[in-house]
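Side-chain atoms are counted along with the backbone in the values below, which use heavy atoms only and exclude waters and symmetry mates.
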Amino acid sequence: MNPGEPDNPSASVIYLCPVNEQLTVAVLGGGAAGFFGAIACAEANPGLRVLLIEKTGKLLSKVRISGGGRCNVTHAADTAAQLVQHYPRGARQLKEPFKQFGALDTVRWFEKRGVQLKTEPDGRMFPVTDSSETIAQCLLEAARRAGVQILLQTTAEQITPRPQGGFELQLTGAHAQTLPVSRLLVATGGAPKSEQYAWLRQLDHRIEEPVPSLFTFNVPNSPLRELPGVSVPRARVRVAGEKLEYEGPVLVTHWGVSGPAVLKLSAWGARRLHELGYQSTTLINWLPDFTEDTLRQHLLEFRELHGKKVVVSNALLGLPQRLWRTLAEQAGISPEIRWNELPVKLQNRLIESLLRTALAVQGKTTYKDEFVTCGGISLSEINMKTMESRLVPGLHFAGEVLDVDGITGGFNFQAAWTTGFLAGRAMAASGRD
């Protein structure tokens, strides 16, 4: 069967031949980490039978929607030290794995299989085709060539460690059966609710409670509500009363604010924002290079040179005209006031709006169709060299099922490639033994 037909149930492999559990490993999850683990295992040890089991009828769903359908494969980084700076959770533990398989290794892996990647000015890396389907088809073809067998619409309802080693999987769905395997890789992705990890708790693993990461801020009563689509390439976003802030592009939306600065702030502050019930006051500094004193001096100099210009009609400092007008009006400046007529009180209000626009955040929204959680299998219970459980021999984990998450920019995929690769290679080596 051809795994290159991921949406067709008939593309799944019907497993009929007798199973030798000493030569069989299973991978749960048909996403980025699962595919990378299955391919790495099968390529390193062709004598193994590698089964990839996916509970839905679709493969690589997140790969296909990533980056607006372009797939942000990884981030340009020469060293592990550079990479780990972008992981709110898991940074320390990922340093050694990234030395074994980092961003440069990812680039070479795809190039070896005919996919060229390009680097954008912000460091994100995409296929030169700008199509996520390029990445999906590469993974499907690599799995096919390596002999990975794929079972769609099949769920491992129960995992039972065997006294003599290995596991017995109770499969339900399209390929219901009792399946003995020597090694097992769990790469089922993150889950939004704690109870969705119950089946892993039964294997005695501790779960760090999952909470959302990488989300936008809902501001139902936003003073910027008439400005959807307006963006500023560099602003500083801060949560009032908290040690949470991030600097970068900000996008005004119909529902509030988004953009890399907001998304990255949500990642670093995921647990604290959850504790706050996603209710806070967010302050946006549209001019992070200025202090109150330097901004006041700049406005004074402009006023002396251009006193007859209307304040609301002449945006300064590179800000979008629509944003400038709104901030000026929010400061109480009427449309006809010129700079040489502007009272000091209103100028101070304008400075406040430019440096500290206050938004009453009341909730969050998932970024596009992407869903990232922090939380999952505690890394203290994982051997990060092999991604094997320290509690259950032969059980490996990879991807977002682990308590690892990165900010937006290709970092979550890099963690998936790295952990999947290390787990797959470790399973292959155990199969040779």
Side-chain angles (χ1 to χ4, degrees), residues 120-124 216-266 280-361 408-409:
E120 301 208 333
D122 61 3
R124 293 179 301 161
T216 64
F217 292 174
N218 288 355
V219 190
N221 299 311
S222 172
L224 312 177
R225 58 185 172 274
E226 303 300 326
L227 305 177
V230 168
S231 63
V232 172
R234 184 162 158 260
R236 184 179 300 127
V237 183
R238 179 165 63 90
V239 178
E242 303 289 334
K243 295 181 180 179
L244 293 173
E245 67 175 50
Y246 211 94
E247 195 171 295
V250 171
L251 172 67
V252 180
T253 68
H254 288 285
W255 59 87
V257 285
S258 182
V262 173
L263 295 170
K264 293 173 182 179
L265 176 62
S266 78
S280 65
T281 297
T282 291
L283 303 174
I284 300 182
N285 181 348
W286 303 103
L287 302 168
D289 288 333
F290 285 87
T291 65
E292 282 194 37
D293 289 340
T294 58
L295 180 56
R296 184 173 286 106
Q297 180 62 33
H298 182 87
L299 296 183
L300 177 61
E301 293 172 358
F302 184 87
R303 178 175 184 155
E304 291 175 351
L305 293 172
H306 308 284
K308 293 185 178 181
K309 288 190 174 183
V310 176
V311 177
V312 302
S313 301
N314 294 274
L316 302 184
L317 301 163
L319 293 179
Q321 176 60 43
R322 292 169 62 201
L323 175 63
W324 174 270
R325 174 181 286 274
T326 296
L327 295 178
E329 291 175 347
Q330 289 289 323
I333 302 173
S334 58
E336 70 278 359
I337 290 182
R338 302 177 186 276
W339 276 103
N340 57 14
E341 302 167 341
L342 184 64
V344 173
K345 182 178 180 180
L346 296 187
Q347 178 176 286
N348 288 340
R349 287 182 181 174
L350 176 60
I351 290 173
E352 181 71 14
S353 292
L354 291 167
L355 299 182
R356 285 176 291 276
T357 295
L359 303 176
V361 176
T408 183

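With contacts defined as side-chain heavy-atom distances shorter than 4.5 Å, the pair R296/D293 qualifies. Contact of the I337 side chain with the V310 side chain is not registered, since no non-hydrogen atoms from C-beta on lie closer than 4.5 Å. A heavy-atom distance below 4.5 Å is found between the side chains of L295 and L355.
What you find for T281 and A358 is that their closest heavy atoms are CG2-CB, 4.2 Å. Here the closest non-hydrogen pair linking L346 and A331 is CD2-O, 3.5 Å. The shortest non-hydrogen separation linking V250 to A261 is CG2-CB, 3.9 Å.
Under the side-chain hydrogen bond (donor to acceptor under 3.5 Å, both in side chains) criterion, Q297 pairs with E301, sequence neighbours left out. Looking at residues two or more places apart in sequence or on another chain, you find a side chain to side chain contact (heavy atoms under 4.5 Å, CB included) between P223 and Q330, L359. Under the rule for a side chain to side chain contact (heavy atoms under 4.5 Å, CB included), the partners of R303 that lie at least two apart in sequence or sit in another chain are W339, L342, Q347. With sequence neighbours excluded, the residues satisfying side chain to side chain contact (heavy atoms under 4.5 Å, CB included) with P220 are Q362. For N285, the side-chain hydrogen bond (donor to acceptor under 3.5 Å, both in side chains) criterion is met by no residue, not counting sequence neighbours. With sequence neighbours excluded, no residue satisfies side-chain hydrogen bond (donor to acceptor under 3.5 Å, both in side chains) with S313. The salt bridge (charged side-chain N to carboxylate O under 4.0 Å, His left out) search around R124 returns E120, D122, not counting sequence neighbours. Residues passing the salt bridge (charged side-chain N to carboxylate O under 4.0 Å, His left out) test with E226: none are found, sequence neighbours excluded. For S334, the side-chain hydrogen bond (donor to acceptor under 3.5 Å, both in side chains) partners two or more places apart in sequence, or in a different chain, are E336. Every residue meeting the salt bridge (charged side-chain N to carboxylate O under 4.0 Å, His left out) condition with R356, not counting sequence neighbours, appears here in chain and number order: E292, E352.
Summarising the geometry, atom CG belonging to L319 is positioned 11.5 Å from atom OG1 belonging to T326; distances are rounded to the nearest 0.5 Å. In this structure, L350 CG and I333 CD1 are separated by 4.5 Å, a value rounded to the nearest 0.5 Å. Taking CG of L323 as the start and CZ of R325 as the end, the distance is 12.0 Å to the nearest 0.5 Å. One distance of note links CG of L265 with OG1 of T216; it measures 12.0 Å at 0.5 Å rounding. Here OG1 of T282 is found 10.5 Å from CD of E242. Values are rounded to the nearest 0.5 Å.
Each ring-ring contact (aromatic ring centres under 6.0 Å, His included) pair with one or both residues in residues 303-337, not counting sequence neighbours, appears once here: F302-H306.
Partner of V257 under the side-chain contact (heavy atoms from CB on, under 4.5 Å) criterion, chosen from V361, T357, I284: I284.
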side-chain contact (heavy atoms from CB on, under 4.5 Å) between L299 and L316, intermediate numbers included:
CA-CA 9 Å; L299 296 183; L316 302 184; 3.7 Å; yes
For L317 and W286: C-alpha separation, side-chain torsions, deciding distance, then whether side-chain contact (heavy atoms from CB on, under 4.5 Å) applies.
CA-CA 10 Å; L317 301 163; W286 303 103; over 6 Å; no
What side-chain donor-acceptor pairs closer than 3.5 Å can you find for residues 231-240, not counting sequence neighbours?
unit_1, atom_1, unit_2, atom_2, d
R234, NE, E247, OE2, 2.8
R234, NH1, D289, OD1, 3.1
R234, NH1, D289, OD2, 2.9
R234, NH2, E247, OE2, 3.0
R234, NH2, D289, OD1, 2.8
R236, NE, E247, OE1, 3.2
R236, NH2, E247, OE1, 2.9
R236, NH2, P288, O, 3.4

